[in-house]
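All figures in this text were calculated on a predicted structure; none of them were measured in a lab. Numbering of ligands and ligand atoms starts at 1, following listing order.
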Amino acid sequence: MDSSKPAKAVKNVVEAAAEKVTGVLTPQIPGAPGSAPPSVEEPTTPHDPLPPKPEQGAPQTRTPTGAETGAPTTANGQQGAHLTTSQGARLRDTDHSLKAGPRGPILLQDHHFREKITHFDHERIPERVVHARGAGAHGLFTSYGTAEGVTRAGFLKKGRETPVFVRFSTVLGSRGSADTVRDTRGFATKFYTDEGTFDLVANNMPVFFIQDAIKFPDIIHAGKPHPDREIPQAQSAHDTFWDFVSLHTEAQHHTIWNMSDRGIPRSYRTMEGFGVHTFRLVDEAGATVLVKFHWKPKLGVHSLTWEEAQMLAGIDPDFHRRDLYDAIEAGAYPEWELGIQVFPDTPEETFAGIDLLDPTKIVPEELAPVQPVGKLVLNRTPTNFFAETEQVAFHLGHLPPGIDVTNDPLLQGRLFSYVDTQLTRLGGPNFSQIPINRPHAAVNDMLRDGFHQQAVHAGVAPYRPNSLDGGNPFPAGDDEQAFVDVPVTVAQAPKVRANPVSFDDHFSQVRLFWLSMSPVEKEHIVRAYTFELGKCYHQAIKERQLRCLANIDPVLCAQVAAGLGLPVPEPTVPPAEVTPSPALSQVGKQWPADGRMVGIVVDADSDLDGVGEARRAVFGAGMVPLLVAAHGGTVRDMPVQRTFATGRSVEFDALLLAGAPAPAPDAIPARDAKAGAADSSTVDPRVLLLVEECWRHAKPIGAWGGGAAVLRQAGVSDSPGVVAADSAVDAFSAVKQLMAGHRVWERFPATIS
Ligand code: HDE
């Protein structure tokens with residue numbers, strides 16, 4: 001038998017998987033690990049690798065210098081049916097090393113053993129010094145053409161489609177840290193434009209801790225775990241962080257964003273993105289404007305509650321990753337609009353009195369509206385985390401013609417740092433030749449050699465001018481879309497280590513942010529400062545931060561001081577007169593709820609026809625229904641996704657109760673950590689806990705049939721956002737409406753105005 005041909009049964013599996021890949025995505029519960037279901041018995045008949053999962057994408061197959069190869073993207077990875085060495089020689093055994101007899105020592109000649117172990121020993125590369133923890137996805141950017149008047153960048157011309165790769169991240173934690181910690185999030189986008197790659201390396205907060213890049217090691221050293229014990233991981237709730245930001249008061253604006261709900265996003269899909277710095281756009285005629293870049297999520301800006309974030313760090317540390325991948329797998333493709341705030345490019349580089357070069361300041365949207373210029377859709381998950389998400393290398397200097405930088409001192413420093421860091425992390429100067437980093441524009445540089453060189457450069461004259469290679473490469477002329485550094489006039493000034501005086505105001509915009517928050521958001525900010533400072537050891541640091549809060553707002557300061565048990569200090573600068581910016585608040589609007597998770601609690605006595613209808617209605621609304629029952633398997637013919645033992649409230653955005661399940665045999669009220677206290681209840685204690693937590697986290701809850709009894713036993717029947725309906729469809733439709741507002745904050749009367 002020719003073992004290189006797949007046997008029929010196995011071939012069917014491969015073909016079925018391939019069909020699934022090319023087929024239209026049908027509603028299904030995301031999370032399948034492979035593109036074909038595994039058999040119980042170990043497969044032994046050789047066949048080609050299974051195709052990737054339908055939702056997976058990979059870098060295009062380009063040469064190191066950007067040419068299309070025409071090879072399928074699967075050619076980036078393994079091929080053929082048999083196990084081979086890295087040189088392609090087939091192997092017959094990889095389970096035993098070559099030994100001098102079955103009980104003898106391993107022989108040095110075992111080239112397969114040495115290759116396998118050596119490669120394994122070197123599988124890790126240094127993690128990013130910041131933003132080590134991240135998750136990426138492929139997508140497409142479609143331009144509206146609305147920026148054509150202000151930039152010559154081709155990818156912003158009307159209707160132009162550009163492939164992108166986006167990597168989201170936290171800042172402080174190590175590669176294996178939890179997703180839901182309180183932190184800033186990175187939002188870095190690589191646009192593979194045909195005029196050269198453009199990297200927009202953004203964050204989910206529009207300001208930064210420092211005004212000058214030379215302070216970056218200081219803020220990061222302060223935020224990272226203490227150097228002696230290496231704790232706490234991925235946290236700002238510790239002495240060194242608050243020591244630095246309370247002394248270095250320009251950090252106070254970014255700090256209040258971290259203490260706000262923005263520091264604990266519900267999902268990467270529900271985050272805004274901000275380029276932070278002011279950039280300069282150049283049109284065909286060389287005219288310029290100054291701009292700030294914004295990403296606006298289609299689903300709105302939403303956050304976790306602090307308790308959810310803490311619980312998730314233990315229950316599902318991969319929560320944001322999973323959410324991103326699951327949403328794409330379920331066909332609920334995450335979407336953002338790219339927008340720009342446009343300002344005249346004046347010599348002062350200010351707008352409405354705000355210094356546009358100061359990265360600790362925003363320009364409120366009410367003063368300069370964000371104008372949409374295109375749409376980003378993320379529609380493919382990576383095929384291989386390391387090859388794509390870990391090796392992707394962003395750099396602010398990756399700019400296409402039409403986009404240029406400004407003199408923001410933070411931006412200027414970043415222009416140095418990003419290439420420099422890749423040299424160590426990715427092992428040399430040729431990181432742009434790694435598949436995920438390969439440009440989609442023709443590359444003709446004069447860079448040569450170096451570690452891991454993958455291009456095979458021809459010619460003898462990588463220098464200019466030359467005649468030996470016929471003069472190639474030639475500089476592009478003015479009409480040939482060359483990148484032009486805008487000849488900005490630099491004002492005559494002495495060489496100094498100093499900031500402009502306009503950078504000295506550290507508190508007025510912090511107050512603006514505070515005053516723009518709704519009561520519930522203010523409450524969260526108070527709790528966050530109180531928690532974080534409460535975790536500090538030294539009273540001096542707490543007192544010093546309270547002095548900063550006194551300069552922001554007396555109510556904020558008094559409430560945090562009360563929680564810390566410390567006196568309220570006097571302000572050292574008078575509270576600024578500012579106009580709030582309603583655009584900064586996250587609450588009070590209605591948003592689509594695509595890809596959200598709806599838990600449906602069932603038991604055998606539930607209205608199972610209704611459960612089927614509810615599942616279909618949830619799928620139909622673009623969300624994911626997860627059946628929660630006492631045990632795994634199926635209820636009627638519907639698969640159970642979570643049991644009372646495996647499920648937890650934090651996985652769900654809303655809850656539907658189809659029945660009132662009696663305590664299951666594995667419910668041990670007195671000992672089970674999930675048991676709750678209701679000994680006398682006729683409902684499984686874990687279901688009561690589920691309801692109580694969802695209630696506490698202001699989530700919509702709906703019930704019909706027997707489910708209403710659970711609401712009564714949990715004592716939540718009469719609260720806002722808790723609905724007992726006559727049918728499954730009515731219960732879901734009420735819950736769906738509530739989900740559009742994200743949370744039911746009306747459940748909890750505000751304690752702050
Ligand atoms: Fe970064 N930053 N950064 N940063 N940054 C890095 O580059 C740096 C700053 C941001 O998913 C590093 O490749 C300096 C602001 C994101 O791969 C490093 C300064 C903003 C990512 C670096 C800043 C960012 C990074 C580490 C102060 C928002 C992750 C690994 C001047 C606008 C990119 C790497 C990814 C990563 C330096 C400040 C965003 C060390 C010196 C402001 C999203 O080069």
Side-chain angles (χ1 to χ4, degrees), residues 125-138 164-175 179 183-190 197-224 248 250-251 253-254 257-258 262 265 268 271-279 291-295 320-321 324 357-362 382 385-398 405-427 431-432 434 436-437 499:
I125 60 171
E127 65 175 33
R128 290 164 175 82
V129 57
V130 284
H131 296 265
R133 169 83 184 168
H138 297 272
V164 298
F165 186 78
V166 175
R167 183 175 180 274
F168 302 104
S169 48
T170 54
V171 178
L172 289 177
S174 297
R175 224 188 115 180
D179 279 344
D183 197 358
T184 309
R185 299 298 186 285
F187 186 151
T189 307
K190 192 176 274 299
T197 300
F198 171 46
D199 287 347
L200 181 53
V201 197
N203 275 350
N204 77 327
M205 300 182 188
V207 287
F208 205 64
F209 290 108
I210 50 173
Q211 293 165 321
D212 189 316
I214 199 166
K215 297 292 298 175
F216 195 57
D218 300 270
I219 174 63
I220 298 304
H221 289 170
K224 285 275 186 185
H248 185 74
E250 73 196 37
H253 194 183
H254 193 163
W257 279 78
N258 281 79
R262 306 272 179 153
Y268 291 135
M271 294 189 327
E272 280 180 307
F274 302 90
V276 174
H277 316 285
T278 301
F279 289 79
V291 296
K292 282 185 181 285
F293 288 107
H294 294 245
W295 288 112
H320 285 152
R321 276 189 185 179
L324 177 68
L357 298 196
D358 179 351
T360 66
K361 302 289 188 307
I362 61 162
F385 186 92
F386 181 87
E388 300 166 72
T389 307
E390 193 59 12
Q391 294 200 110
V392 67
F394 295 94
H395 170 39
L396 274 85
H398 292 161
V405 298
T406 61
N407 291 341
D408 171 345
L410 196 66
L411 169 53
Q412 292 278 318
R414 292 178 77 199
L415 285 168
F416 165 76
S417 179
Y418 286 69
V419 165
D420 184 50
T421 204
Q422 314 305 348
L423 297 178
T424 308
R425 201 172 70 77
L426 296 172
F431 55 85
S432 67
I434 294 171
I436 192 68
N437 296 325
N499 275 341

Peer 1: Evaluate the criterion side chain to side chain contact (heavy atoms under 4.5 Å, CB included) for residue pair F431 and H395; output intermediate values, then yes/no.
Peer 2: CA-CA 11 Å; F431 55 85; H395 170 39; 6.0 Å; no
Peer 1: Is any side-chain heavy atom of Q412 closer than 4.5 Å to a side-chain heavy atom of V405?
Peer 2: yes
Peer 1: Is the closest heavy atom of G413 to ligand 1 under 4.0 Å?
Peer 2: no
Peer 1: Which pairs, with at least one residue in residues 199-210 and sequence neighbours excluded, count as a side-chain hydrogen bond (donor to acceptor under 3.5 Å, both in side chains)?
Peer 2: K190-D199, D199-H398
Peer 1: Enumerate the atoms of ligand 1 whose separation from the nearest heavy atom of L410 is less than 4.0 angstrom.
Peer 2: 27 (C), 31 (C), 42 (C)
Peer 1: Is there a side-chain contact between E390 and F385 in this structure, where contact means two heavy atoms from C-beta onward sitting under 4.5 Å apart?
Peer 2: yes
Peer 1: Classify the side-chain pair H131/R167 by whether it contains a donor and acceptor separated by less than 3.5 Å.
Peer 2: no
Peer 1: Which of the atoms of ligand 1 are close to A213, meaning less than 4.0 Å from one of its heavy atoms?
Peer 2: 31 (C)
Peer 1: Using the six-membered ring wherever Trp is involved, compare the ring planes of W257 and H253 and label them parallel, tilted or perpendicular (cut-offs 30° and 60°).
Peer 2: tilted
Peer 1: Measure the acute angle between the ring planes of F293 and F198, then classify it against the limits of 30° and 60° as parallel, tilted or perpendicular.
Peer 2: tilted
Peer 1: Judging by distance only, is a nitrogen or oxygen of S169 under 3.5 angstrom from one on ligand 1?
Peer 2: no
Peer 1: Quick check: closest heavy atoms across P126 and R425, and the distance to 0.1 Å?
Peer 2: O-CG, 3.1 Å
Peer 1: What atoms in ligand 1 come closer than 4.0 Å to a heavy atom of V129?
Peer 2: 40 (C)
Peer 1: Could you list the atoms of ligand 1 found under 4.0 angstrom from a heavy atom of V276?
Peer 2: 32 (C)
Peer 1: May I ask you to identify the nearest protein heavy atom to atom 43 (C) of ligand 1, giving residue, atom name and distance to one decimal place in Å?
Peer 2: A202 O, 3.2 Å
Peer 1: In the protein, what heavy atom is nearest to atom 17 (O) of ligand 1, and what distance, to one decimal place, separates them?
Peer 2: R128 NE, 2.7 Å
Peer 1: Among the heavy atoms of H395, does any lie under 4.0 Å from an atom of ligand 1?
Peer 2: no
Peer 1: Side chains of N437 and Q391: is there a donor and an acceptor less than 3.5 Å apart?
Peer 2: no
Peer 1: Where is the nearest protein heavy atom to atom 11 (O) of ligand 1: which residue, which atom, and how far?
Peer 2: R167 NH1, 2.6 Å
Peer 1: Can you check whether D408 reaches T278 side chain to side chain, under 4.5 Å on heavy atoms?
Peer 2: no
Peer 1: Contact between F416 and ligand 1, counting heavy atoms under 4.0 Å?
Peer 2: no
Peer 1: Over 60° means perpendicular and under 30° means parallel, so classify the ring planes of H320 and Y268, tilted if in between.
Peer 2: tilted
Peer 1: Heavy-atom pairs closer than 4.0 Å: do any link ligand 1 to the side chain of A393, the backbone, both, or neither?
Peer 2: neither
Peer 1: Work out whether the distance between some heavy atom of G275 and some atom of ligand 1 is less than 4.0 Å.
Peer 2: yes
Peer 1: Can you list the atoms of ligand 1 that are under 4.0 Å from a heavy atom of F187?
Peer 2: 43 (C)
Peer 1: Test side chain to side chain contact (heavy atoms under 4.5 Å, CB included) on F168 and D179 and set out the steps.
Peer 2: CA-CA 10 Å; F168 302 104; D179 279 344; over 6 Å; no
Peer 1: Using distance alone, decide if ligand 1 has a nitrogen or oxygen within less than 3.5 Å of any nitrogen or oxygen in R425.
Peer 2: no
Peer 1: Can you pull out the closest protein heavy atom to atom 13 (O) of ligand 1? Residue, atom name and distance to 0.1 Å, please.
Peer 2: Q422 NE2, 2.8 Å
Peer 1: Distance-only, no hydrogens or angles: does the R133 side chain make a donor-acceptor pair with backbone N or O of V171 under 3.5 Å?
Peer 2: no
Peer 1: Counting only N and O atoms by type, is there a donor-acceptor contact under 3.5 Å from the side chain of K224 to the main-chain atoms of V129?
Peer 2: yes
Peer 1: Suppose we measure from atom 33 (C) of ligand 1 to each protein heavy atom; which comes out shortest, and what is that distance?
Peer 2: F394 CD1, 3.8 Å
Peer 1: With atom 1 (Fe) of ligand 1 as the centre, enumerate protein N/O/S atoms below 2.8 Å in chain and residue order.
Peer 2: Y418 OH
Peer 1: Using 0.5 Å steps for rounding, measure from the CZ atom of F394 to the CZ atom of F165.
Peer 2: 6.5 Å
Peer 1: To check your reading of the model: name the closest protein heavy atom to atom 34 (C) of ligand 1, its residue, and the distance in Å.
Peer 2: T421 CG2, 3.4 Å
